[in-house]
Amino acid sequence: MIYYFSATGNSKHAAQVIAEKTGDTAVSIVDIIKGKTQINEKSEKTGFVFPVYFWGLPEIIKRFSSMPEVKNSLGDYVYCVITCGATTGSADKMLAKSLGRKLDYSFSLRMPDNYVVMYDPSPKEKAQKFLAHADKELETVCADINASAKKRAGSTKGKVKSIFISKLYNAFRSTKNFYANDKCVSCGICAKNCPDSAIEIKNGKPVWIKSKCQHCTACINCCPTEAIQYGNGTESRRRYSYDKTVNK
Ligand SMILES: Cc1cc2nc3c(=O)[nH]c(=O)nc-3n(C[C@H](O)[C@H](O)[C@H](O)COP(=O)(O)O)c2cc1C
Ligand code: SF4
Ligand code: SF4
């Protein structure tokens, strides 16, 4: 079983490739949390695929990995593939701590960065190059998993610095700067696609109803008219998504 969380499609793509090449099944963590799918019985290998947030774990991964039924479902071989724009810090070690066991294998997979709230995503051609490179790296990952390899690979950083940087996540995880401008066509896609039900449509416009959300960027990156903004930095930035309807 491969558990995945993805906002803009990178991690879902990685999970699907791994599932196909290792003969496993990729299951959405959002679907499990929303009760649309159930955790199946133990399988021989258990994988976790998700994006790094601030060199640490997305809030939904912290919640999911500490659930007793998830811990009980772990196979003998447990691995993670964490997607990132640059580095995953020591997020794999944080996952291991939350699961209460060592990971047999972890890989930090560089893919296009989606954090438009802070950075301008790469131009399309550059993003395509990142994706082509990631697909090559995935071939190695799948061969490693099939061989039950035990290693830690990819772009990781030290534990102490990671703990410090990961603490910034909560400080940034606020909805107060989100708004939709005049380009909003009231389609409701942002609310349907939000993994954490943090958006309600009121009078045809999105309202961010929670003081805290995942900050996953699905809403801002996947709005079909690019109406969603965060503060005053995002109007001029590009948007990035591998898949616009990951959690719909
Ligand atoms: C809140 C947030 C924080 C992020 N922090 C990091 C980071 O610390 N290091 C990094 O390399 N990429 C970071 N990223 C980029 C994502 O991890 C990366 O683009 C990931 O592949 C997106 O996966 P997805 O498309 O499956 O959602 C961050 C993205 C978000 C939304
Ligand atoms: S996805 Fe964009 S256009 Fe559609 S309701 Fe949300 S903000 Fe408006
Ligand atoms: S409100 Fe936007 S950033 Fe927050 S969890 Fe929902 S889709 Fe992600």
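Since the model is a prediction, treat every value here as computed from it, not as a measurement. Just follow the structure's listing: the first ligand is 1, and inside any ligand the first atom is 1. All residue numbers in this chain count up from 1 along the given sequence.
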Peer 1: Assess Cys219: does it contribute an N, O or S atom lying under 2.8 Å from atom 8 (Fe) of ligand 3?
Peer 2: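 No.
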Peer 1: Using a 4.5 Å cut-off on heavy atoms from C-beta on, say whether the side chain of Phe48 contacts that of Leu74.
Peer 2: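 Yes, their side chains come closer than 4.5 Å.
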Peer 1: Within less than 4.0 angstrom of ligand 1, does Pro112 place any heavy atom?
Peer 2: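 Yes; Pro112 lies near enough to ligand 1 that a heavy-atom distance drops under 4.0 Å.
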Peer 1: Say whether Thr156 and Thr88, considering side chains only, have a donor N or O and an acceptor N or O under 3.5 Å apart.
Peer 2: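 Not at all, the side chains of Thr156 and Thr88 share no donor-acceptor pair under 3.5 Å.
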Peer 1: Would you say Pro224 contacts ligand 2, with heavy atoms under 4.0 Å as the rule?
Peer 2: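 A heavy atom of Pro224 does come that close to ligand 2.
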Peer 1: Show the nearest heavy-atom pair for residues Ile228 and Cys190, with the distance to one decimal.
Peer 2: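 Answer, listing the atom of Ile228 first, then Cys190: CD1-CB, 3.8 Å.
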Peer 1: Checking Lys12 against Tyr4: charged group under 6.0 Å from the ring centre and within 45 degrees of the axis?
Peer 2: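 Lys12 over Tyr4 ring: no.
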Peer 1: Considering only heavy atoms of Gln214, which atoms of ligand 3 have at least one such atom less than 4.0 Å away?
Peer 2: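 Atoms satisfying the 4.0 Å criterion: 5 (S).
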Peer 1: Thinking salt bridges, do Glu59 and Arg63 make one under a 4.0 Å N-O criterion?
Peer 2: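 Yes, this pair counts.
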Peer 1: Atom 5 (S) of ligand 2: which of Gly188, Ala191, Ala180 has the nearest heavy atom?
Peer 2: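 Considering heavy atoms of Gly188, Ala191, Ala180, the nearest to atom 5 (S) of ligand 2 sits in Gly188.
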Peer 1: Mark up the atoms of ligand 3 that fall under 4.0 Å of a heavy atom belonging to Trp208, in ascending order.
Peer 2: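 Listed by number with element: 1 (S).
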Peer 1: For ligand 2, indicate whether the residue Cys190 contacts it via side chain, backbone, both or neither (heavy-atom separation under 4.0 Å).
Peer 2: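 The answer is both.
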Peer 1: Answer yes or no: does an N/O atom from Met111 fall short of 3.5 Å to an N/O atom of ligand 1?
Peer 2: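 It does not: no N or O of Met111 is found under 3.5 Å from an N or O of ligand 1.
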Peer 1: Please identify which of these residues, Tyr169, Phe178, Phe172, meets the ring pair (Phe, Tyr, Trp, His ring centres under 6.0 Å) condition with His215.
Peer 2: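 The residue from Tyr169, Phe178, Phe172 that satisfies ring pair (Phe, Tyr, Trp, His ring centres under 6.0 Å) with His215 turns out to be Phe178.
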Peer 1: Just to confirm my output: which protein heavy-atom neighbour is closest to atom 8 (Fe) of ligand 3, and how far is it?
Peer 2: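 For this ligand atom, the closest protein heavy atom is Cys216 SG, 2.4 Å.
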Peer 1: May I ask you to identify the nearest protein heavy atom to atom 4 (Fe) of ligand 3, giving residue, atom name and distance to one decimal place in Å?
Peer 2: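 Here the nearest protein heavy atom works out to Cys213 SG, 2.4 Å.
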Peer 1: Does Cys194 bring an N, O or S atom to within less than 2.8 Å of atom 4 (Fe) of ligand 3?
Peer 2: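 No N, O or S atom of Cys194 is closer than 2.8 Å to atom 4 (Fe) of ligand 3, so no.
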Peer 1: Would you please determine whether Phe54 falls within less than 4.0 Å of ligand 1 on a heavy-atom basis?
Peer 2: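 Right, Phe54 reaches ligand 1.
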Peer 1: Answer side chain, backbone, both or neither: which part of Thr225 comes under 4.0 Å from ligand 2, heavy atoms only.
Peer 2: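 Only the side chain of Thr225 comes within reach of ligand 2.
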Peer 1: If we count only N and O atoms by modelled type, under 3.5 Å, do the side chains of Tyr105 and Ser148 hold a donor and an acceptor together?
Peer 2: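 Their side chains do not contain a donor-acceptor pair, so the 3.5 Å distance test is not met.
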